[in-house]
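Worksheet for the structure shown next.
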Amino acid sequence: MGVVKGGRYLLVPFFTLYMILFLYLPLLPHSVHCQCTKTPIIFNFGDSNSDTGGYADGVGLNFAPPNGRTYFHQPARRLSDGRLMIDFLCESLNTDYLTPYLNSLEPNFTNGVNFAIIGSATLPRYVPFSLFVQVSQFLRFRYRSPALMLNGYKDLVGEEDFENALYTIDIGQNDLAASFDNLTYSQVIERIPSFITEIKNAIWNIYEKGGKKFWVHNTGPLGCLPQKLALLARNATELDEHGCLQPLNNAAKTFNAQLRVLCEQLRRELINVTIVYVDIYSIKYDLIANASNYGFESPLMACCGNGGPPYNYNANINCGRTGYTVCHEGSKFISWDGVHYTEAANAIFASKILSTHYSTPQLSFNFFCNNM
């Protein structure tokens with residue numbers, strides 16, 4: 001693996017994402033780009049896994065290189081070297097990337113809004129930008145957008161579009177991660193129902209304002225993140241056969257089991273509503289456990305960070321800060337900075353999502369496209 005040091009990186013000849021995918025395309029489920037009869041509307045709620053610029057807009061921060069180098073060729077307000085899962089899912093609907101709610105510079109909300117913010121969690125409820133706060137922002141947008149359109153404003157969402165919109169939720173990872181900072185495993189497990197309740201309340205609040213179509217991601221294998229492996233005290237008995245921390249992954253599985261039950265419950269309680277539960281945990285863990293089969297290397301090591309093998313993560317020298325090292329473009333790493341994923345990994349995740357094999361019920365974005 002080639003690295004570049006000292007906060008500077010060398011642009012070298014590299015395979016683009018398309019070349020990377022070409023090398024192992026036979027291993028991927030095929031995705032279908034649909035042709036929507038009208039612009040699809042997506043409202044997204046979540047954390048850094050799907051934040052397309054909300055945090056950067058909110059605090060006026062520009063992420064430093066090498067973030068964004070792979071696709072955008074410059075920092076693109078995302079914590080990745082390129083596109084996120086939500087970007088690929090938007091591409092599957094042939095629609096533009098979602099504009100953050102906090103973008104004040106000529107925003108275009110005609111295809112929806114992204115409320116996701118880096119660092120967000122379900123709790124505490126009133127701390128920006130919790131899920132509750134994000135839904136509160138949506139409710140304000142829900143009230144104001146149709147009224148403003150009647151007054152001649154453009155690039156917003158009309159009244160009839162809110163019922164046909166797709167509402168995507170991907171949150172919970174930060175709740176679990178923060179809990180493990182100061183709680184025992186059993187105490188973390190005891191807190192999980194409170195996280196699930198916040199997600200339930202969010203879906204109910206959106207439903208009461210006309211939302212009918214929900215796309216809910218469970219949380220990924222927290223114990224496989226290089227950050228957690230580098231920082232948390234552990235012994236060999238806590239690691240699984242792939243080197244991931246079992247207590248953290250078991251907590252994620254418990255969270256996911258309760259989230260799945262919630263989705264089943266809401267399908268019975270809510271009228272004329274579609275709720276798709278997507279098993280992101282299995283998608284991500286499969287890539288980590290079988291990295292070589294997909295052409296990836298060092299599945300538990302960050303591409304961009306500090307410290308070298310086995311994890312290349314240093315809490316004091318994050319990706320982009322003076323002293324970081326970064327793998328050469330074209331390297332097939334799963335983890336970008338120890339917490340977030342590379343574009344190449346996100347492309348795999350999105351492809352598997354679109355396959356419907358990890359969805360309950362087995363409906364894809366194509367279904368929502370044809371019903372918008």
Side-chain angles (χ1 to χ4, degrees), residues 44-51 54-55 58 79 84-86 114-138 167-206 214-232 238 244-263 265-266 275 277-285 315 335 337-341 349:
N44 181 66
F45 306 86
D47 51 32
S48 57
N49 288 311
S50 58
D51 181 355
Y55 180 85
L79 288 179
L84 309 179
M85 282 191 295
I86 188 66
N114 193 355
F115 297 94
I117 298 285
I118 291 169
S120 294
T122 66
L123 292 172
R125 172 178 283 193
Y126 299 106
V127 173
F129 288 90
S130 68
L131 180 59
F132 174 83
V133 172
Q134 292 180 31
V135 172
S136 297
Q137 292 174 325
F138 163 75
Y167 297 87
T168 57
I169 300 174
D170 186 339
I171 202 165
Q173 176 175 310
N174 291 324
D175 291 284
L176 294 175
S179 296
F180 273 104
D181 288 342
N182 51 37
L183 298 177
T184 65
Y185 175 80
S186 60
Q187 289 173 324
V188 173
I189 298 302
E190 290 173 0
R191 291 199 69 197
I192 289 176
S194 64
F195 307 151
I196 301 299
T197 296
E198 292 302 311
I199 296 175
K200 176 181 179 180
N201 292 340
I203 294 175
W204 264 102
N205 286 333
I206 296 169
F214 296 89
W215 187 272
V216 182
H217 288 182
N218 70 14
T219 198
L222 184 65
C224 297
L225 296 180
Q227 178 207 49
K228 297 304 178 186
L229 289 163
L231 297 182
L232 294 181
E238 292 182 315
C244 301
L245 283 164
Q246 295 186 84
L248 275 67
N249 280 354
N250 288 339
K253 290 177 183 178
T254 301
F255 174 93
N256 293 341
Q258 294 186 27
L259 182 61
R260 185 180 187 115
V261 170
L262 171 65
C263 291
Q265 172 191 337
L266 292 177
I275 301 177
Y277 169 89
V278 185
D279 188 5
I280 296 296
Y281 182 100
S282 293
I283 291 174
K284 291 182 175 179
Y285 191 79
S335 177
D337 58 8
V339 179
H340 310 96
Y341 294 91
F349 302 153

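Note that the structure is predicted; figures quoted are calculated from it, not measured.
Panel note: side chain Ser130, backbone Val133; a donor-acceptor pair is recorded below 3.5 Å. Distance alone, capped at 3.5 Å, is enough to place a donor-acceptor pair between the Ser120 side chain and the Phe129 backbone. In this structure a side-chain-to-backbone donor-acceptor pair under 3.5 Å is missing from Asp51 to Asp47. A donor-acceptor distance shorter than 3.5 angstrom exists from the side chain of Gln134 to the backbone of Gly46, with no hydrogens or angles considered.
Considering every non-hydrogen atom in both Asn256 and Thr219, the closest pair reads OD1-N, 2.9 Å. The shortest non-hydrogen separation linking Tyr281 to Lys253 is OH-CE, 3.2 Å. Across Ala121 and Asn174, no two heavy atoms sit closer than the pair CB-CB, 4.1 Å. Heavy atoms only, all atoms of each residue included: Ser179 and Arg191 are closest at OG-NH1, 3.3 Å. In terms of heavy atoms, Gly220 sits closest to Lys284 at CA-CD, 4.2 Å. Between Ser48 and Leu79, the shortest heavy-atom distance links the atoms CB-CD1, 4.5 Å.
Asn49 contributes atom CG, which lies 11.0 Å from atom CD1 of Ile86 (distance to the nearest 0.5 angstrom). In this structure, CD1 in Ile203 is found 5.5 Å from CG in Leu262, a value given to the nearest 0.5 Å. Rounding to the nearest 0.5 Å gives a distance of 4.5 Å between NZ of Lys200 and CD of Gln265. Taken to the nearest 0.5 Å, the OG1 atom of Thr168 stands 10.5 Å off from the CZ atom of Phe115. Here the straight-line distance linking atom CG of Leu222 with atom CG of Leu176 works out to 6.5 Å at 0.5 Å rounding. Note that CD of Glu238 and CG of Asn249 are 11.5 Å apart. Values are rounded to the nearest 0.5 Å.
Annotation: side chain of Leu225 is not in contact with side chain of Ser335 (no heavy-atom distance under 4.5 Å). Using a 4.5 Å cut-off on side-chain heavy atoms (C-beta onward), Glu198 and Leu123 make contact. Proximity of Asp175 to Phe255: side-chain heavy atoms (C-beta onward) are nowhere separated by under 4.5 Å. Contact annotation: the side chain of Leu84 never approaches that of His340 to less than 4.5 Å [non-hydrogen atoms, C-beta and beyond]. Looking at Phe349 and Ile280, their side chains never come closer than 4.5 Å, going by heavy atoms from C-beta outward. When side chains are defined from C-beta on, Ile283 does not count as touching Asp279, because their heavy atoms never get closer than 4.5 Å. Between Phe195 and Leu259 the shortest side-chain heavy-atom distance does not fall below 4.5 Å. Using a 4.5 Å cut-off on side-chain heavy atoms (C-beta onward), Leu232 and Leu248 make contact.
A donor-acceptor pair shorter than 3.5 Å can be found between the side chains of Asn44 and Ser50.
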Practice item. Take Ile206 and Phe45 through the test side chain to side chain contact (heavy atoms under 4.5 Å, CB included) and record every step on the way to the result. Key: CA-CA 11 Å; Ile206 296 169; Phe45 306 86; 3.7 Å; yes

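Among Val188, Leu183, Ile189, the one residue that satisfies the side chain to side chain contact (heavy atoms under 4.5 Å, CB included) test with Tyr185 is Ile189.
With a 6.0 Å radius and a threshold of 12 heavy atoms from other residues, nucleotides or ligands, Tyr55 has its OH atom at or below the threshold.
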